[in-house]
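Working notes, structure below.
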Amino acid sequence: MIVLSYGDLGTFDDEELFDSIELLGKILGKEERAREVIEFIKQIQEDLSRRTENIESPTVYVGGIGYKGVHGIESTMAHYPPFVALHARNVADELGEGHRFIDLEKLLEWNPEYIFVDENALSMVLEDYRKRREFYELLDAVKEKKVFGILPYNYHTTNIGTALADAYFIGKILYPKRFEDIDPEKKQTKYTNFSLGRRYMRRWQNSSEDLEE
């Protein structure tokens, strides 16, 4: 039996994750590829940190975080990895670590400048908005149209490439001048290509074309 770990991904620079990648490299005879993946993740972490150092972040909140199922806006995460990587001021960090459920009144008390919604829960959040429009419209982020959807990266497993792409997308929203050279969609494609390998992507694209025919 082989046990692998994603680590906590708290800063995208977790030794448990890197140890797991190294172990896989040894088992599969792909040590060089494992080193490339680790270096790739470290370079991204360094780039995100460099872009966001010495600048004050607006307050942020992420809702709709999956936890043993899909949940609404009240489902959040303290020390949310993309926020941590961007030095963003997550209002939920005062709650401790990891996943948390909050009362909606707490969200109103925090009144974050930006709200991000995990798109796995987008339909649930929109349904709740229709039912409680008056509450949501008390939030400055809603009034000022500073609510954004982000790609889910946790669903049974963790998609590290998507988590990193989310960080760049969020960074471009919070710090537009420091991320003005970034195209989040191209970043997502780049990370997918690197993570899965070009040979895999060619096979996937060919299969997609066959389905379309």
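We number each residue from 1, following the sequence as shown.
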Inset, instruction - Verify the neighbour count for atom OH of Y67: are there more than 12 heavy atoms of other residues, nucleotides or ligands below 6.0 Å? - result: no
Inset, instruction - Please say which of T52, D47, N54 ends up in a side-chain contact (heavy atoms from CB on, under 4.5 Å) with R50. - result: D47
Legend entry - Evaluation steps, side chain to side chain contact (heavy atoms under 4.5 Å, CB included), between E94 and K106: CA-CA 12 Å; E94 69 177 54; K106 189 64 176 177; 3.2 Å; yes
Legend entry - Spacing of CD belonging to E119 relative to CG belonging to L151, to within rounding of 0.5 Å: 6.0 Å
Inset, instruction - Please answer whether the main-chain N or O of V62 pairs with a side-chain N or O of T76 as donor and acceptor at a distance below 3.5 Å. - result: yes
Legend entry - Side chain S75, main chain I65, donor-acceptor under 3.5 Å: yes
Inset, instruction - Assess the side chains of Y129 and E137: does a donor N or O sit below 3.5 Å from an acceptor N or O? - result: yes
Legend entry - Side-chain donor/acceptor of D93 to backbone N/O of H79, under 3.5 Å: yes
Inset, instruction - Working to the nearest 0.5 Å, report the span between CD1 of I150 and CD1 of I170. - result: 4.5 Å
Legend entry - Short side-chain to backbone donor-acceptor contact, Y136 and D128, under 3.5 Å: no
Legend entry - Atom of V147, atom of A141 and distance for their closest heavy-atom approach: CG2-O, 3.7 Å
Inset, instruction - Please report the C-alpha distance between L104 and L108 in whole Å, then the side-chain angles of each, then the deciding distance to 0.1 Å, and finally whether the side chain to side chain contact (heavy atoms under 4.5 Å, CB included) criterion is met. - result: CA-CA 7 Å; L104 288 181; L108 187 58; over 6 Å; no
Inset, instruction - Can you establish whether the number of heavy atoms outside K30 located under 6.0 Å from its atom NZ is more than 12? - result: no
Inset, instruction - Indicate the atoms forming the closest heavy-atom contact of P82 with A163, along with that distance. - result: CG-O, 4.1 Å
Inset, instruction - Compare all side-chain heavy atoms of D19 with those of L23 and state whether any distance is below 4.5 angstrom. - result: no
Inset, instruction - Please indicate whether E53 has more than 12 foreign heavy atoms, meaning atoms of other residues, nucleotides or ligands, lying under 6.0 Å from its CD. - result: yes
Inset, instruction - With salt bridge (charged side-chain N to carboxylate O under 4.0 Å, His left out) as the test, would you mind laying out the steps for E36 and R33 before giving the verdict? - result: CA-CA 5 Å; E36 288 176 354; R33 173 62 173 166; 3.7 Å; yes
Legend entry - Residue pair E32, R35: steps toward the salt bridge (charged side-chain N to carboxylate O under 4.0 Å, His left out) verdict: CA-CA 5 Å; E32 183 177 350; R35 287 192 293 270; 5.2 Å; no
Legend entry - Check: G66 main-chain N/O paired with D118 side-chain donor or acceptor under 3.5 Å: no
Inset, instruction - Would you give the length of the straight line joining atom CD of E31 to atom CD1 of I27, rounded to the nearest 0.5 angstrom? - result: 10.5 Å
Inset, instruction - Please answer: with hydrophobic residues joined when any side-chain heavy atoms are less than 4.5 Å apart, are F148 and I182 in the same cluster? - result: yes
Inset, instruction - Check whether Y80 and F179 end up in the same hydrophobic cluster, where Ile, Leu, Val, Met, Phe, Trp and Tyr are linked by side-chain heavy atoms less than 4.5 Å apart. - result: yes
Legend entry - E74 (side chain) donor-acceptor with D103 (main chain) under 3.5 angstrom: no
Inset, instruction - Locate the shortest heavy-atom distance separating G25 from A34; write the atom from each residue and the value. - result: CA-CB, 3.9 Å
Inset, instruction - List the atom of V125, the atom of I73, and the distance in Å for their closest heavy-atom pair. - result: CG2-N, 3.8 Å
Inset, instruction - Measure the CG-OH distance between L48 and Y175 for me, rounded to the nearest 0.5 Å. - result: 10.5 Å
Legend entry - Cluster overlap F169 with I115, hydrophobic side-chain contacts below 4.5 Å: no
Inset, instruction - Could you pull out the closest heavy-atom pair between G64 and A121, with the gap in Å? - result: O-CB, 3.5 Å
Inset, instruction - Would you give the length of the straight line joining atom CG of L86 to atom NZ of K172, rounded to the nearest 0.5 angstrom? - result: 13.0 Å
Inset, instruction - Check the pair R89 / L174 against side chain to side chain contact (heavy atoms under 4.5 Å, CB included), numbers first and verdict last. - result: CA-CA 11 Å; R89 290 190 293 156; L174 302 182; over 6 Å; no
Inset, instruction - Would you tell me whether H87 and S57 have side-chain atoms, one donor and one acceptor, within less than 3.5 Å of each other? - result: no
Inset, instruction - Examine V70 and L126 and state if one hydrophobic cluster contains both, with Ile, Leu, Val, Met, Phe, Trp and Tyr joined whenever side-chain heavy atoms are less than 4.5 Å apart. - result: no
Inset, instruction - Indicate, with yes or no, if V91 and V117 share a hydrophobic cluster defined by side-chain heavy-atom contacts under 4.5 Å among Ile, Leu, Val, Met, Phe, Trp and Tyr. - result: yes
Legend entry - Parallel, tilted or perpendicular: rings of F116 and Y114 (30°, 60°): parallel
Inset, instruction - Please round to the nearest 0.5 Å and tell me the distance separating atom CD of E127 and atom NZ of K131. - result: 4.5 Å
Inset, instruction - Please check if the side chain of N90 supplies one atom and the backbone of M77 the other of a donor-acceptor pair under 3.5 Å. - result: yes
Inset, instruction - Give the minimum heavy-atom separation between G72 and M124, together with the two atoms involved. - result: N-SD, 3.4 Å
Inset, instruction - Report yes if the side chains of P112 and L107 come closer than 4.5 Å at any heavy-atom pair, otherwise no. - result: yes
